[in-house]
Novice: 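Structure below; questions to follow.
Below, chains carry the letters A, B, ... as their sequence lines are ordered, and counting in each starts from 1.
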Amino acid sequence: MSIVMQAMSNEEPAASTAAVVGSGSEAAVSADNSPTAKPKPGRKKTGVASMVMTVLPPLTGIAFLVLVWQIIAVKNSNFPTPLVTILEAIKLFSDPFYRTGPNDQGIGWNVLASLQRVAIGFGLAALVGIPLGFLIGRVRFLSGMFGPIISLLKPVSPLAWLPIGLLVFKSANPAAIWSIFICSIWPMVINTAMGVQRVPQDYMNVARVLNLSEWKILTKILFPSVLPYMLTGVRLSIGTAWLVIVAAEMLTGGVGIGFWVWDEWNNLNVPHIIIAIVVIGVVGLILEQLLVWLAKAFTYEQVRN
Amino acid sequence: MDNKFIDINAVEMVFETKKGSFHALRDITLSVQKGEFVTLIGHSGCGKSTLLNLIAGLLQPSEGLLLCANREIAGPSPERSVVFQNHSLLPWLTCYENVFLGVERVFSATDSRTQLRERTHAALALVGLSAAEAKRPNEISGGMKQRVGIARALAMEPKVLLMDEPFGALDALTRAHLQDELLKIVAKTESTVVMVTHDVDEAVLLSDRIVMMTNGPAATIGEILDVKLARPRERVALAQDALYSQYRTTVLEFLYRKHVHPAKAAA
């Protein structure tokens, strides 16, 4: 993720230096051309240069990874080579949605099952966590009341809650959702509360001078100014939730990408495990990227003096 | 005529901080007439903004009493609207919505939806921003933001307009332009204005009275200057006016001879 972000942020300075170089050489070559004709080819050139600079570093990185993998596979006969894995992946993805029994389903179904658990657990956590965060941020008593509880429970691995889930719900699926709920709720509560506490005093003064109702303060001032913080919490939560679901499913079984990995380990099907790792990574990346876009769309430029 | 529209009586302001108590204002007694334009001037840290916040009701005095239209100032109220130094517009609302927020609060009980909209349009037209109604604060210049802030304050038809260095963050030309506009608007609306400034020319140009404050801690009112310049006032003509220069000199004398800024006095 951070590599992708870096590549994205590199894009701009690379483009601007390329523009300087491009326009300089352009002027030297086509000195007798009319000035209006100049910018067009120059821009095209820089476009290609910046595209190469955007695409080349990540491709080099991937090539390096595959090379290391190949070396390991050659040294260790248990480990599949990249080629074997890719062939296996093509076979796997040619039919992702088959169903021959409860424990033998296509990878598509497994990913969807995991996503569904994350969606339910995460959704419930948002429903509880965001309002709770608002209350904690707004009412000092509640902040003092919940502060120690949150500090105590936040560092606990969500998997430690799995037995409690199994005990209460007496079934694997709700227990897995329960673990997701627990791990997603803390970042949302904490970030929302922090956002509420950091609403600029200026805005609250406006609210006081205009004598706005509590409802107007919530909808017109608190909510919009807390939204970026809240979305940060949501982003952190979904990242953790996706991490936790794989581990939880390994323990609970059934259908799901985590269970699938464990099942393939029991079958000693190593190429499938590697494919699953890539799939988990890609899905996690997409989830996070979606939320980054969402956060960007809702972040307003703050008022400065 | 109501001589004591705003009545500040023996007000003391002490802030309790972690490092102990800080005596900000001492023995402030001042009254402002209806329709009067009063500026508070003094060096930074002299408590002029504190005094303004007390009138606004954003702060409560440690001792003494503040009255507005014979009622105690117990908290902030739309009848004493404030133009903040940093304009404090909500960045997620358009200019129109920013102004409408105040209008809606004050007049929704008595006015129809159409009337509320008309009031908002009228307030923005008054400050010359009809064209920018649909823009967000980050899409307009600093001067325009400040004008929206003024429009928001005026649209609520306040009894008192309180301004905390409203033009402090603007360049000199924009500031002059907005001062002229403010003069016209105040003449038109006959508002009572209390304004904090550190700009001597601004104070003389705009005020009926200039309240000069001594340096803190425990700042108080040093002198009060009556500015008897005829209205409407015109900046270029006043530049050569003998009386204008005399007022200007009086304020400068106070600020730079009698009450030198503490940092400078130490150096």
Side-chain angles (χ1 to χ4, degrees), chain A residues 12 130 133-134 137-140 143-144 191-235 291-305, chain B residues 49 52-53 55-60 73-94 97-109 135-140 142 145-146 148-149 152-153 155-156 158 160-166 168-170:
Chain A
E12 255 182 56
I130 290 171
F134 266 99
R138 197 98 175 91
V139 186
R140 190 175 290 175
S143 153
N191 277 281
T192 307
M194 194 171 73
V196 173
Q197 280 158 357
R198 287 204 187 158
V199 171
Q201 191 54 45
D202 289 342
Y203 299 164
M204 296 318 288
N205 278 345
V206 169
R208 290 177 65 197
V209 169
L210 300 188
N211 194 12
L212 296 178
S213 61
E214 194 68 18
W215 173 248
K216 281 273 173 194
I217 292 177
L218 187 72
T219 54
K220 297 284 179 186
I221 296 181
L222 281 184
F223 192 76
S225 89
V226 170
L227 201 56
Y229 290 90
M230 213 172 80
L231 286 171
T232 306
V234 167
R235 214 176 81 208
L291 283 160
V292 168
W293 283 328
L294 201 66
K296 256 190 199 151
F298 284 102
T299 304
Y300 301 92
E301 191 186 309
Q302 295 297 309
V303 171
R304 291 191 189 89
N305 291 355
Chain B
S49 290
L52 194 84
N53 285 340
I55 303 172
L58 290 166
L59 294 172
Q60 289 299 314
I73 297 173
S77 149
E79 70 178 27
R80 280 166 277 114
S81 64
V82 184
V83 178
F84 296 93
Q85 181 176 9
N86 54 6
H87 58 77
S88 296
L89 299 177
L90 300 172
W92 40 84
L93 300 182
T94 62
E97 289 165 335
N98 265 292
V99 176
F100 189 75
L101 201 61
V103 172
E104 193 185 25
R105 183 62 190 164
V106 179
F107 298 108
S108 62
K135 289 196 170 141
R136 291 238 165 84
N138 63 355
E139 296 167 326
I140 59 177
K145 281 182 218 174
Q146 206 50 270
V148 179
R152 177 173 65 185
M156 294 187 282
V160 183
L161 186 62
L162 302 170
M163 308 177 96
D164 190 356
E165 295 187 26
L170 305 175

Novice: When rounded to the nearest 0.5 angstrom, what distance separates CG in L101(B) from NZ in K216(A)?
Specialist: 6.0 Å

Novice: Between F84(B) and N205(A), is a side-chain contact (heavy atoms from CB on, under 4.5 Å) present by the stated rule, with each step listed?
Specialist: CA-CA 9 Å; F84(B) 296 93; N205(A) 278 345; 3.9 Å; yes

Novice: Do you know the tightest heavy-atom contact between L90(B) and K220(A)?
Specialist: CD1-O, 3.9 Å

Novice: What part of E104(B) is in contact with chain A, defined as an atom under 4.5 angstrom from a non-hydrogen atom: side chain, backbone, both or neither?
Specialist: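 The side chain, not the backbone.
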
Novice: Aromatic ring centroids of F223(A) and W92(B) under 6.0 Å?
Specialist: no

Novice: Under 4.5 Å from any heavy atom of chain A, what part of R152(B) do you find: side chain, backbone, both or neither?
Specialist: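 Just the side chain, heavy atoms under 4.5 Å.
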
Novice: Grab the two heavy atoms, one from R208(A) and one from G57(B), that are nearest each other, plus how far apart they are.
Specialist: NH2-O, 3.8 Å

Novice: Testing the basics here: between P78(B) and L210(A), what is the closest heavy-atom pair and its distance to 0.1 Å?
Specialist: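 Nearest pair, atom of P78(B) first, then L210(A): CG-O, 3.8 Å.
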
